[in-house]
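Notes for the one structure printed next.
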There are 2 protein chains.
Amino acid sequence: MDKPVKADGTVGKALEVLDQVAAYGRPVKFSELLQDSPYPKATLFRFLQTLTNQQMLSLDTDTGAYSLGIRLMRLAHAAWKNASLAPIARPFLEQLATEVGEAVHLAQLDNGQVLFVDKLRATDRFETLAQVGHVAPAYCTGVGKAMLAFLAPKRLQIVLQQQSFYKFTTTTKGSADDLSEELAKIRKSGIAFDHEEHEQGINSIAAPILSTNGRIVGAISIASATTRFDTEALKQFRQPLLKTAKLIGDEATSWQFPS
Amino acid sequence: MDKPVKADGTVGKALEVLDQVAAYGRPVKFSELLQDSPYPKATLFRFLQTLTNQQMLSLDTDTGAYSLGIRLMRLAHAAWKNASLAPIARPFLEQLATEVGEAVHLAQLDNGQVLFVDKLRATDRFETLAQVGHVAPAYCTGVGKAMLAFLAPKRLQIVLQQQSFYKFTTTTKGSADDLSEELAKIRKSGIAFDHEEHEQGINSIAAPILSTNGRIVGAISIASATTRFDTEALKQFRQPLLKTAKLIGDEATSWQFPS
DNA sequence: TACTAAGTTTCAATATATGAAACCAATAGT
DNA sequence: ACTATTGGTTTCATATATTGAAACTTAGTA
């Protein structure tokens, strides 16, 4: 799923350790990390030391266990605020969420991947966890396809290259050609659907957010379990979704690149 | 005499750049960064390249501007989930927030600093921004003092050393002695107040969250503008706050360190 | 076309990272 | 009480990566 970012240079290697710690999902001790580390003891030790100094990791002095550090939170906080779209869109999403009574997602495109930058009114308990920061592929999600459809042709070419086209489910589009065909339709209709292409049992309806100069800046979606709404039923959200996307797009335009 | 948070090694220097980008609060171009960079063009260039490869930064290919990257969000997302307290506490905080109808904060202590890991029901528009990840000093915040008061003496000693005791306002405690005196009282009453010690016009009432074995694991608070509630008025939240803190503490105990 | 600013690459000198091994500090075992 | 074992930290010669001046390549302007 996560494509291994090749770790060039010292910085890369050190950052790999962060992923390692993140993967554990709990505080980990030096020795545990050493187990599945490609680096020798002294090297890993120094990485850990450096990262801890840098507050990218935090070391519990009692248990001697490392967890992800305070600086990541700080930086991500900044990233969120600076990713102009999320703060701007928030009030409109609130509005939409109460209007339709369903969970609403806001996503942006980053390096060919979908990054969820906000998420409201999650019902399920687990979904309640801050999904902000969740990353998904573009080619098999509603928001992803909504954004790809409105990308400049030359840019789309590049992004298509970046897709893995891994078949998560039977309905996942398996090739750039398959996808391009659908993107053409989305471009016409202005609405994208995800028919359980990423996760079995989950579908969604999504709309692109375009700035008034036509640049794609993000996408919003309403996702549900297929048992709750089938694809036909999701169409009822078409109008409010489009309306909200338009509102956000207009608002975003004035804020974009305040150079 | 530990060195100040100096950027040792290549990793440190590279990470500094992230802060730099974060500080701009908007996408920045290479040349802008070069302006106030201590490093020569080629070096900064390589930093940016590496960080971009590592997805710690993201480069808008159209505008050539850098912003904080997708990986920070991913990592912070993981950090949040893994910082066991936040997900566990969420339902209790929801409960409390609706009960008292005020904004509720959840914080943890990290390296002598207060890290806000969750925040609910913010009323003010600006406060709506994801304050998760916000960092504040411990010695002059309600949650900070609530936690310090219940730290093991030897640990408190260390943490006191880490405080700057910068006087943000006229009521800010200016020394470790002043603070210690108040901590003793908090230890007795189980409740901490912030009398505009960090920000003029903002006060709060806070309670520590203790695991059943007595270890401090976090703190919760209700903050308000002094115009809304004066310190006396805040006392009305004492009971619900304490009750919620107890509930979270109990729940947290079973989850802590699932070794 | 010539000029300038912005971004990228080269390359030798140098600083830094590396990792085997030695070391130290706690437990655990006998 | 001794000894072994595990878990963590430091050393140091060597290999390697980083550095930055300068040359180069665009892209934008007059």
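In the text below, chain A, chain B and the rest are named by the order of the sequence lines, each starting its count at 1.
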Rounded to whole Å, please give me the gap between CG in B:L33 and C1' in C:dA6.
13 Å

Sidechain N-carboxylate O distance under 4.0 Å for B:K246, B:E251:
no

In Å and rounded to the nearest 0.5 Å, what is the CG to NE2 distance from A:N82 to A:H77?
9.5 Å

Within the structure shown, what part of the strands sits under 4.0 Å from B:T10 by heavy-atom distance: base, sugar-phosphate, or nothing?
sugar-phosphate

Please report the distance, rounded to the nearest Å, between OH in B:Y39 and P in C:dG7.
20 Å

Where each residue is assigned the nucleotide of DNA chain D containing its nearest heavy atom, which of B:P40 and A:S31 is assigned the position nearer the 5′ end?
A:S31

Rounded to the nearest angstrom, tell me the gap between atom CG in A:L34 and atom P in C:dG19.
12 Å

For chain A and DNA chain D, what are the first and last nucleotides along the strand, 5' to 3', with at least one atom under 4.0 angstrom from a heavy atom of the protein chain?
D:dG8 to D:dT18

Donor-acceptor pairs under 3.5 angstrom involving side-chain atoms of residues 135-150 of chain A: please list them, not counting sequence neighbours.
| from | atom 1 | to | atom 2 | distance (Å) |
| --- | --- | --- | --- | --- |
| A:Y139 | OH | A:S164 | OG | 3.4 |
| A:Y139 | OH | A:Y166 | N | 2.8 |
| A:Y139 | OH | A:Y166 | O | 2.5 |
| A:T141 | OG1 | A:P137 | O | 3.0 |
| A:T141 | OG1 | A:G144 | N | 3.2 |
| A:K145 | NZ | A:E182 | OE1 | 3.3 |
| A:K145 | NZ | A:E182 | OE2 | 2.9 |
| A:K145 | NZ | A:F193 | O | 2.7 |
| A:K145 | NZ | A:E197 | OE1 | 2.7 |
| A:K145 | NZ | A:E197 | OE2 | 2.9 |

If you find the nucleotide of DNA chain C closest to B:Y66 and the one closest to A:A42, which residue's nucleotide is nearer the 5' end?
B:Y66

From CZ of B:F45 over to P of C:dT8, roughly how many Å is that when rounded to an integer?
4 Å

Without decimals, in angstroms, what is the distance between B:F47 CZ and C:dT8 C1'?
17 Å

Does A:K13 pair with A:D19 as a salt bridge, N-O distance under 4.0 Å?
no

For B:K41 and C:dA5, give me the distance from atom NZ to atom P, rounded to whole Å.
11 Å

Any salt bridge between A:K185 and A:D178, counting N to O under 4.0 Å?
no

Sequence neighbours left out, what passes side-chain contact (heavy atoms from CB on, under 4.5 Å) with A:L59? Give chain and number order.
A:T52, A:Y66

If I take atom CZ in residue A:F30 and atom P in nucleotide C:dC24, what distance separates them, rounded to the nearest angstrom?
18 Å

Measure from CD on B:Q35 to C1' on C:dG7 and round the result to the nearest Å.
14 Å

Any base atoms under 4.0 Å from A:T43, or only sugar-phosphate, or nothing? Heavy atoms, all strands.
base

Can you confirm whether more than 12 heavy atoms, excluding those of B:Q162, are under 6.0 Å from its CD atom?
yes

